[in-house]
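What you are looking at is a predicted structure, and each value in this text was computed from that prediction instead of being measured.
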Amino acid sequence: MAAGACLVLGLGLVGGALAGVLLARQGGVGDQQPPGYAEARTAWHSTPVDTLFPRTVKGTRLGPGGADRVWNRLTVAPDAPCSAAVLSPALVATLQPTGCVRVVRATYTDATATDVITVGLVFTDADAAAMSTLTGQLVAEGRDERADHMPHALPAPGTPAARFGDPQRASWHLATVPELPVLVYAVSGFADGRPVATPQPAAQAMSHTQTTVPAQAGLGHEAKGVADRIERGLRMTVSAATKDRA
């Protein structure tokens, strides 16, 4: 009986080991992740820059009063670490649990070269649960509208964004990309280099009841509009890569 019990136990262990190997090859329960996560994590270096940040971005009905907008790219920065020099100390601290990997950035101007907008994509190693937590911190806790979470501007020498520094930031948008381990942001300001004493979150600046400088200049719409279009492009790229892999 003892020998028989040992045989049964031995077969059980062997069977369990084989099952473990099979699950590992197929992506075990612990390794499961939402569709697109694997493709999104590598998009910062596997996707052409003109795909991530098109030279021209069109926004239908994204301007004040539902006006159409067109933005032209001025510069693209090399990919960078998730540091306080690129983002902000407070934002880096919020992102730390996600395993923040890389930041890619570009700066655009509107068709009249009056406004300038820096847009960025922050790629993380987070799983779906960690991204859900991050979304809650940004939205439920209001960190997305806190000035200490506003990323830095990216100037572009010799262009309308030559004087676009942190003092010139007027409005910003910050949000997680739905169903992907990525954060998107944009900060906007005036091309003439004028400083803005009190920047305003895009969601507030886009309200028709606001009379602040960022609101009246439409800079909330600029930040939100560019961020939305760059986010949409990333989602389309990841979706196509996911279908190709399937």
Side-chain angles (χ1 to χ4, degrees), residues 33-63 68-83 86-87 91 95 98-111 113 115-128 131 134-135 138 151-161 164 172-188 202 221-246:
Q33 55 187 348
Y37 262 53
E39 290 77 11
R41 288 195 177 102
T42 61
W44 65 270
H45 64 78
S46 63
T47 306
V49 66
D50 285 347
T51 300
L52 282 179
F53 300 118
R55 294 179 182 273
T56 299
V57 174
K58 297 181 180 180
T60 303
R61 300 184 60 81
L62 291 181
D68 294 343
R69 307 295 289 163
V70 176
W71 299 282
N72 298 309
R73 195 183 73 197
L74 299 175
T75 188
V76 177
D79 62 274
C82 299
S83 67
V86 175
L87 300 172
L91 181 54
L95 289 169
T98 69
C100 189
V101 177
R102 235 40 205 167
V103 182
V104 291
R105 301 167 292 160
T107 294
Y108 288 80
T109 187
D110 68 319
D115 305 326
V116 286
I117 310 98
T118 292
V119 59
L121 292 168
V122 182
F123 294 85
T124 79
D125 274 335
D127 57 16
M131 288 305 296
L134 175 61
T135 301
L138 293 176
H152 298 298
L154 174 67
T159 75
F164 187 34
W172 77 95
H173 172 73
L174 181 68
T176 53
V177 177
E179 301 173 1
L180 293 180
V182 182
L183 183 88
V184 62
Y185 71 83
V187 293
S188 59
H221 290 82
E222 299 282 22
K224 181 70 162 54
V226 174
D228 282 354
R229 283 300 174 263
I230 296 303
E231 174 189 322
R232 187 178 70 167
L234 174 66
R235 289 169 62 83
M236 292 174 62
T237 296
V238 170
S239 177
T242 303
K243 290 179 181 178
D244 289 343
R245 190 180 68 164

Side chains of Ser188 and Tyr108: closer than 4.5 Å at any heavy-atom pair? no
Any chance you could measure Arg235, atom CZ, to Asp228, atom CG, to the nearest 0.5 Å? 11.0 Å
Look at the side chain of Thr56 and the backbone N and O of Asn72, then say whether any donor-acceptor pair between them is shorter than 3.5 Å. no
Would you say Thr42's side chain and Glu39's backbone share a donor-acceptor pair under 3.5 angstrom? yes
Reported OG1-to-CZ distance for the pair Thr47 and Phe53, which is rounded to 0.5 angstrom: 10.5 Å
Rounded to the nearest 0.5 Å, what's the gap from CD on Glu231 to CG on Leu180? Could you check? 8.5 Å
Before giving the answer on side-chain contact (heavy atoms from CB on, under 4.5 Å), spell out for Leu91 and Leu174 the whole-Å C-alpha distance, their side-chain angles and the decisive distance to 0.1 Å. CA-CA 10 Å; Leu91 181 54; Leu174 181 68; 4.1 Å; yes
Taking it one step at a time, do Leu52 and Leu234 satisfy side-chain contact (heavy atoms from CB on, under 4.5 Å)? CA-CA 6 Å; Leu52 282 179; Leu234 174 66; 4.0 Å; yes
If you look at every heavy atom in Val184 and Ala227, which pair is closest and at what distance? CG2-O, 3.8 Å
So, Arg105 side chain and Ala80 main chain: donor-acceptor pair closer than 3.5 Å or not? no
What are the two closest non-hydrogen atoms of Ala126 and Arg41, and how far apart are they? O-NH2, 2.5 Å
Please name the pair of heavy atoms, one in Pro160 and one in Val116, separated by the smallest distance, quoted to 0.1 Å. O-CG1, 3.8 Å
Rounded to the nearest 0.5 Å, the CG atom of Leu183 sits from the CG atom of Leu121 at a distance of 8.5 Å
Tell me, do Tyr185 and Leu87 make a side-chain contact under 4.5 Å, heavy atoms counted? yes
Is the closest basic N to carboxylate O distance between Arg69 and Asp110 below 4.0 Å? yes
Check whether any side-chain heavy atom of Arg229 lies under 4.5 Å from a side-chain heavy atom of Leu62, and answer yes or no. yes
Is the shortest heavy-atom distance from the side chain of Pro35 to the side chain of Glu179 under 4.5 Å? no
Is any side-chain heavy atom of His173 closer than 4.5 Å to a side-chain heavy atom of Val226? no
Of the non-hydrogen atoms in Cys82 and Val122, which two are nearest, and what is the gap between them? SG-CG1, 4.1 Å
Close side-chain approach of Lys243 and Ser239, heavy atoms under 4.5 Å: yes
What is the minimum heavy-atom distance between Leu154 and Ala77, and which atoms define it? CD2-CB, 3.8 Å
Student check: side-chain heavy atoms of Trp44 and Val182 closer than 4.5 Å: no
Could you check if a side-chain atom of Thr159 sits within less than 4.5 angstrom of a side-chain atom of Thr75, using non-hydrogen atoms only? no
Kindly give the heavy-atom pair with the smallest separation between Phe164 and Thr107, and that separation in Å. CD2-CG2, 4.5 Å
